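Taking it in order: structure first as structure tokens, then the write-up.
Nothing fancy with the numbering, it's 1 onward along the sequence. None of the values given here were measured: they were computed from a predicted structure.
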Amino acid sequence: MKRLIKASGLILLSLVLLALVAGGWLWSRVNASIPLYDGNVSLPALSAPVTVERDALGVVTIRSTTALDEARALGFVHGQERFFQMDLLRRSAAGELAALVGAGAVQMDEQRRVHQLRRTAGEVIANAPVEYRALLEAYTAGVNAGLDALGAKPFEYYLLRTTPVRWSPADSVLAVGAMYFDLQGGSARHKRNEFVAREVLPEAFADFLYPRKTSWDAPLVGDAAPPPAVPGPEVYDLRELPRELFDEPADPVSRPAPFGSNNWAVAGTHTASGRALLANDMHLGLQVPSIWFRVSLERDGRRVAGVSLPGTPFVVAGSNGAVAWGY
């Protein structure tokens, strides 16, 4: 009995020690993958020194002298803080997610591969203007330098037992492409329904259901139009349809509410300060980390502040002090 108790104690102690060693190793890897917040880093391709600062909320300010240096520094910061997020964006757009996370993503990959965004991204880079390609190449170099400067690969790759694949300019195009799937339905149900309606219904009735212009529109080219007239029974008589089509279902199926972004612009003539106002509320799903990365870019006496999309060197929504933009 004493031997059994002693053996059990040794086994338990060994398990505790093993857990402590494994936990210590994991903690050291996670701690090593934390971005650099202090000190100096040498990026050979910079034309002049660049400073990266963070305020109390962690919002990054980058001060540089050239656009390429700015892109390289932003890429460095993105690569340090958001590389796994960027990896998911490019893979989900290209239909390559299963290669990272396993068979559970195969169905999603099959749906995305149809669009051939990896090929499209390569064509975009091949045909891009020299300045645009140089900007993406500088950003890409910054991303990979930021990844290399980490003391360990991002912790997600330890959980997945794999190694991160380096960033490329085409991956930035894919990061933008990934947003298409967030911002529009993949089935194009509304357009398909409109196509069917215009095939089988009288033109006046189809125009009423799917108006091309309304008085609520503010087109950049051309004028708004009054709403189409309600078609009478001589155009389409709903009373001739089977009555059961209009019966309330006994057990109605609840549908999720449609989502979209809300935006308002107010001219300075309507504000107390005389300045125009832009309110931009991008309705996207909540996730950790956030889709966006707040940043302030200062160069040549001008400042652009707003949110960037990790994977791209641009401020997606923000202001330069004179003009504000958003989705």
Side-chain angles (χ1 to χ4, degrees), residues 71 75 78-79 82-129 132-137 139-140 143-144 156-157 160 162-199 210 212 220 255-261 263 282-293 307-317 325-327:
H78 281 170
R82 298 290 189 91
F83 188 84
F84 184 69
Q85 175 188 7
M86 294 160 56
D87 197 5
L88 293 182
L89 284 175
R90 65 177 174 181
R91 288 177 180 272
S92 65
E96 301 168 355
L97 201 54
L100 180 67
V101 301
V106 168
Q107 185 176 2
M108 177 180 172
D109 281 351
E110 289 175 343
Q111 295 170 351
R112 301 286 172 89
R113 285 283 182 102
V114 172
H115 301 282
Q116 300 184 52
L117 290 189
R118 172 67 73 181
R119 177 183 59 80
T120 300
E123 292 177 354
V124 168
I125 296 301
N127 297 311
Y132 182 74
R133 190 159 57 244
L135 195 70
L136 289 183
E137 288 172 351
Y139 176 80
T140 295
V143 170
N144 291 325
E156 295 92 345
Y157 294 98
L160 294 169
T162 187
T163 302
V165 176
R166 298 178 73 77
W167 199 254
S168 73
D171 291 333
S172 292
V173 181
L174 286 172
V176 176
M179 296 302 293
Y180 280 95
F181 296 105
D182 272 351
L183 298 174
Q184 66 182 23
S187 65
R189 183 180 294 109
H190 182 81
K191 275 294 179 188
R192 287 191 289 116
N193 289 347
E194 179 182 356
F195 176 81
V196 172
R198 295 193 179 280
E199 285 288 314
Y210 298 95
R212 302 185 191 281
L220 295 177
R255 294 182 179 179
F259 63 90
S261 303
N263 305 274
M282 295 177 282
H283 288 186
L284 296 170
L286 296 178
Q287 63 182 48
V288 177
S290 167
I291 291 176
W292 309 115
F293 185 91
V307 295
S308 61
L309 175 67
T312 69
F314 309 113
V315 173
V316 175
W325 59 93
Y327 275 97

Applying side chain to side chain contact (heavy atoms under 4.5 Å, CB included) to Val307 and not counting sequence neighbours gives Met282, Trp292, Arg294, Ala317
Note: Thr140 and Ser168 closest approach over all heavy atoms is OG1-C, 3.5 Å
Residues that Thr312 engages under side chain to side chain contact (heavy atoms under 4.5 Å, CB included), provided they are two or more places apart: Ala175, Val176, Leu309, Phe314
Within this structure, what is the CG-OG distance for the pair Asp87 and Ser92, rounded to the nearest 0.5 Å? 9.5 Å
Do Ser172 and Trp167 come within less than 4.5 Å of each other through their side chains, counting heavy atoms only? yes
For the side chain of Arg112 and the backbone of Leu97, is there at least one donor-acceptor N/O pair under 3.5 Å apart? no
Check: Tyr139 side chain, Gly311 main-chain N or O, donor-acceptor pair, under 3.5 Å: yes
With the side chain counted from C-beta on, respond yes when His115 and Thr120 share a heavy-atom pair under 4.5 Å apart, and no when they do not. no
Set out, in order, the CA-CA distance, both residues' side-chain angles and the distance that settles side-chain contact (heavy atoms from CB on, under 4.5 Å) for Val165 and Arg91, then state yes or no. CA-CA 11 Å; Val165 176; Arg91 288 177 180 272; 3.7 Å; yes
If you compare all heavy atoms of Tyr327 against all heavy atoms of Val316, which two are closest, and at what distance to 0.1 Å? CE1-CG1, 3.1 Å
Residues which pass side chain to side chain contact (heavy atoms under 4.5 Å, CB included) with Arg119, listed by chain and number, not counting sequence neighbours: Gln116, Glu123
Any donor-acceptor pair under 3.5 Å from Arg90 side chain to Leu174 backbone: no
Count the heavy atoms of every other residue, nucleotide or ligand shown that sit under 6.0 Å from CD of Gln287, and state whether that count exceeds 12. yes
Listed by chain and number, what are the ring pair (Phe, Tyr, Trp, His ring centres under 6.0 Å) partners of Phe195, not counting sequence neighbours? none
Taking all atoms of both residues into account, what is the closest heavy-atom pair of Ala128 and Arg133, and its distance? O-NH1, 2.8 Å
Any side-chain heavy atom of Gln85 within less than 4.5 Å of one from Phe293? no
Which heavy atom of Pro310 sits nearest a heavy atom of Met86, and at what distance? C-CG, 3.5 Å
Considering only NZ, NE, NH1 and NH2 on the basic side and carboxylate oxygens on the acidic side, decide whether Arg113 and Glu110 come within less than 4.0 Å. no
Exercise: identify the closest heavy-atom pair between Thr163 and Tyr157: C-CD2, 4.2 Å
Would you please name every residue forming a ring pair (Phe, Tyr, Trp, His ring centres under 6.0 Å) with Phe83, sequence neighbours left out? none
Under the salt bridge (Lys or Arg N to Asp or Glu O under 4.0 Å) definition, can you give me all pairs with a residue in residues 92-102, not counting sequence neighbours? Glu96-Arg118
Looking at Gly122 and Ala170, what are the two nearest heavy atoms and their distance? N-CB, 4.4 Å
